[in-house]
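Remarks on the structure that follows.
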Amino acid sequence: MVEQEGFRRYVAHIILWIGIAIVAFPVYVAFIASTQDNALIANGQMSLLPGGHFFEVYYQTIFVGTSGSTREPVGNMMLNSLIMAIMVAVGKIAISIISAYAIVYFRFPFRMPIFWIIFITLMLPVEVRIYPTYKIVADLHMLDSYAGLALPLIASATATLLFRQFFMTVPDELLEASRIDGAGPLRFFWDTLLPLSRTNMAALFVILFILGWNQYLWPLLITTRDDMQTIQIGIRKMMTTNDALTEWPIVMATAVLAMLPPVFVVVAMQKLFVRGLVETEK
């Protein structure tokens, strides 16, 4: 039995390492390509070992930009994507937790129908309602602005549902104790529910940050100035129809840089993220 258990563990580790290699190899190739000469990549002669253009390519990518399709530095694109992702994540969490608090702890007419209306909006993503959303943003003169990038995306039925389910597991004794202490609704929300929801908010922040960071269609639609475009739009503009004109080292460096903020957020909030998912399942 001990030998069989050891063999199974050995096989499981081999499968895991194979999976890691499959996932990591494209990232490795992108990094290697970002250090190579553009002519070698265009001719299909790229080596699988790092080249000697690392500092040159990344300096040009972050601070200068390409010489053809878009002259905007990638550092500015990353800043735009970062601001948009943070606004989307924080906005979704703030609106959702307040909505869930009102639905669970307040009694008002049509409380449950309102909740189900919110839930039904899951079937209406931005892609479905993109024309009326664009029309409203344009009429409010929010094109080429951070508000226009983030505000149409900050409503989240999923986060409202998750917070509602969590609030329903909070013991009623906490509410009664707060009332005995003379705490009103806002103080109960601020002093009791928010600290209890910390891990759930962290888990949602990771998911929603990545969601906001990876947005492509909406920023593509409402941004017309190069200085407001996000990094996903920048990558697409760098890839011209003629491969010989595409600056592949800069494209690959941009792709590598685009991975860093989501990876940093996941690693930095990993413990809270896992705890939040476990508590949500309970």
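Evaluation of the side chain to side chain donor-acceptor pair (under 3.5 Å) test over residues 207-217, restricted to residues two or more places apart or in two chains, returns none. Here salt bridge (charged side-chain N to carboxylate O under 4.0 Å, His left out) pairs that include residues 191-218, with residues two or more places apart or in two chains, are Arg187-Asp191. Here salt bridge (charged side-chain N to carboxylate O under 4.0 Å, His left out) pairs that include residues 161-175, with residues two or more places apart or in two chains, number zero.
Contact annotation: the side chain of Gln60 approaches that of Ile250 to within less than 4.5 Å [non-hydrogen atoms, C-beta and beyond]. Within the 4.5 Å cutoff, the side chain of Leu257 has heavy atoms near those of the Tyr58 side chain. Residues Phe163 and Ile93 form a side-chain contact, since some pair of their non-hydrogen atoms from C-beta on lies under 4.5 Å apart. Inter-residue side-chain proximity for Val170 and Val104 is flagged as unmet; no heavy-atom pair is nearer than 4.5 Å. Using a 4.5 Å heavy-atom threshold, the side chains of Val206 and Ile210 count as touching.
Phe63 is linked by a ring-ring contact (aromatic ring centres under 6.0 Å, His included) to Tyr59, counting only residues two or more places apart in sequence or in another chain. For Val267, the side chain to side chain contact (heavy atoms under 4.5 Å, CB included) partners are Val263, not counting sequence neighbours. Not counting sequence neighbours, Tyr134 has no partner by the ring-ring contact (aromatic ring centres under 6.0 Å, His included) test. Residues that satisfy the side chain to side chain contact (heavy atoms under 4.5 Å, CB included) test with Ser47, not counting sequence neighbours, are Gln36, Leu49. In terms of the side-chain hydrogen bond (donor to acceptor under 3.5 Å, both in side chains) criterion, Asp181 has no residue partners (sequence neighbours excluded). A search for side chain to side chain contact (heavy atoms under 4.5 Å, CB included) contacts involving Leu161 returns Phe115, Phe119, Gln165, not counting sequence neighbours. Qualifying salt bridge (charged side-chain N to carboxylate O under 4.0 Å, His left out) partners for Asp144, counting only residues two or more places apart in sequence or in other chains: none. Applying the ring-ring contact (aromatic ring centres under 6.0 Å, His included) rule to Phe108 yields no partners; only residues at least two apart in sequence or on another chain are considered.
Residues Leu40 and Trp248 do not share a hydrophobic cluster, defined by chaining ILVMFWY side chains whose heavy atoms lie under 4.5 Å apart. Linking ILVMFWY residues whenever their side-chain heavy atoms come closer than 4.5 Å, directly or via other members, places Phe25 and Val251 in the same cluster. There is a path of hydrophobic side-chain contacts, each under 4.5 Å, that joins Leu260 to Phe209. Hydrophobic clustering of Ile, Leu, Val, Met, Phe, Trp and Tyr side chains at less than 4.5 Å, counting indirect connections, unites Phe189 with Met168. In this structure, Phe264 is not a member of the same hydrophobic cluster as Phe205, with clusters built from ILVMFWY side-chain heavy atoms closer than 4.5 Å.
When every heavy atom of Pro261 is checked against every heavy atom of Ala258, the shortest pair comes out as CD-O, 3.9 Å. Contact detail for Ile118 and Ala157: the closest heavy-atom pair is O-CB, 3.1 Å. Contact between Ala253 and Thr61 at its shortest, heavy atoms only, is CB-OG1, 3.7 Å. Nearest heavy atom pair, residue Arg111 against residue Ala102, reads CD-O, 4.4 Å. Nearest heavy-atom pair across Val57 and Ser34 is CG1-O, 3.2 Å. When every heavy atom of Met252 is checked against every heavy atom of Ala33, the shortest pair comes out as CG-CB, 3.5 Å.
Under the 30°/60° scheme for interplanar angles, the aromatic rings of Tyr101 and Phe167 are found to stand perpendicular.
The structure places CH2 of Trp218 at 13.0 Å from OG1 of Thr230, a figure rounded to the nearest 0.5 Å. Separation of atoms CG (Leu196) and CE (Met201) is listed at 9.5 Å; rounding is to 0.5 Å. Here Ile130 contributes atom CD1 and Lys135 contributes atom NZ; the two are 15.5 Å apart, rounded to the nearest 0.5 Å. Atom CD1 of Ile97 and atom CG of Leu193 lie 7.5 Å apart (nearest 0.5 Å). Rounding to the nearest 0.5 Å gives a distance of 10.5 Å between CG of Leu149 and CG of Leu221. To the nearest 0.5 angstrom, Ile235 atom CD1 is 13.0 Å from Lys237 atom NZ.
Side-chain atoms of Ser197 never come within 3.5 Å of backbone atoms of Asn200 as a donor-acceptor pair (strictly under, hydrogens ignored). The main-chain N or O of Ala155 is found under 3.5 Å from a side-chain atom of Lys92 such that the two form a donor-acceptor pair. Remark: side-chain polar atoms of Thr35 are paired, donor with acceptor, to backbone N or O of Ile32 under 3.5 angstrom.
More than 12 heavy atoms of other residues, nucleotides or ligands shown are found within 6.0 angstrom of CZ on Phe106. More than 12 heavy atoms of other shown residues, nucleotides or ligands fall within 6.0 angstrom of atom CG in Leu16.
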Using distance only, find each side-chain donor-acceptor pair of residues 77-87 under 3.5 Å and give its atom names and separation, not counting sequence neighbours.
| residue | atom | partner | partner atom | Å |
| --- | --- | --- | --- | --- |
| Asn80 | OD1 | Tyr146 | OH | 2.7 |
| Asn80 | ND2 | Asn76 | O | 3.4 |
| Asn80 | ND2 | Asp227 | O | 2.9 |
| Asn80 | ND2 | Gln229 | O | 3.1 |
| Ser81 | OG | Met77 | O | 3.3 |
| Ser81 | OG | Ile231 | N | 3.0 |

**OP:** Tell me, with the steps shown, if Val11 and Ile15 meet side-chain contact (heavy atoms from CB on, under 4.5 Å).
**Re:** CA-CA 6 Å; Val11 172; Ile15 295 174; 4.0 Å; yes
**OP:** Apply the test ring-ring contact (aromatic ring centres under 6.0 Å, His included) to residues Phe188 and Tyr105: give CA-CA distance (whole Å), side-chain angles for both, the deciding distance (0.1 Å), then the verdict.
**Re:** CA-CA 11 Å; Phe188 172 69; Tyr105 288 100; 5.4 Å; yes
**OP:** Mind running side-chain contact (heavy atoms from CB on, under 4.5 Å) on Met46 and Val29 for me, showing each step along the way?
**Re:** CA-CA 10 Å; Met46 186 187 78; Val29 171; 3.9 Å; yes
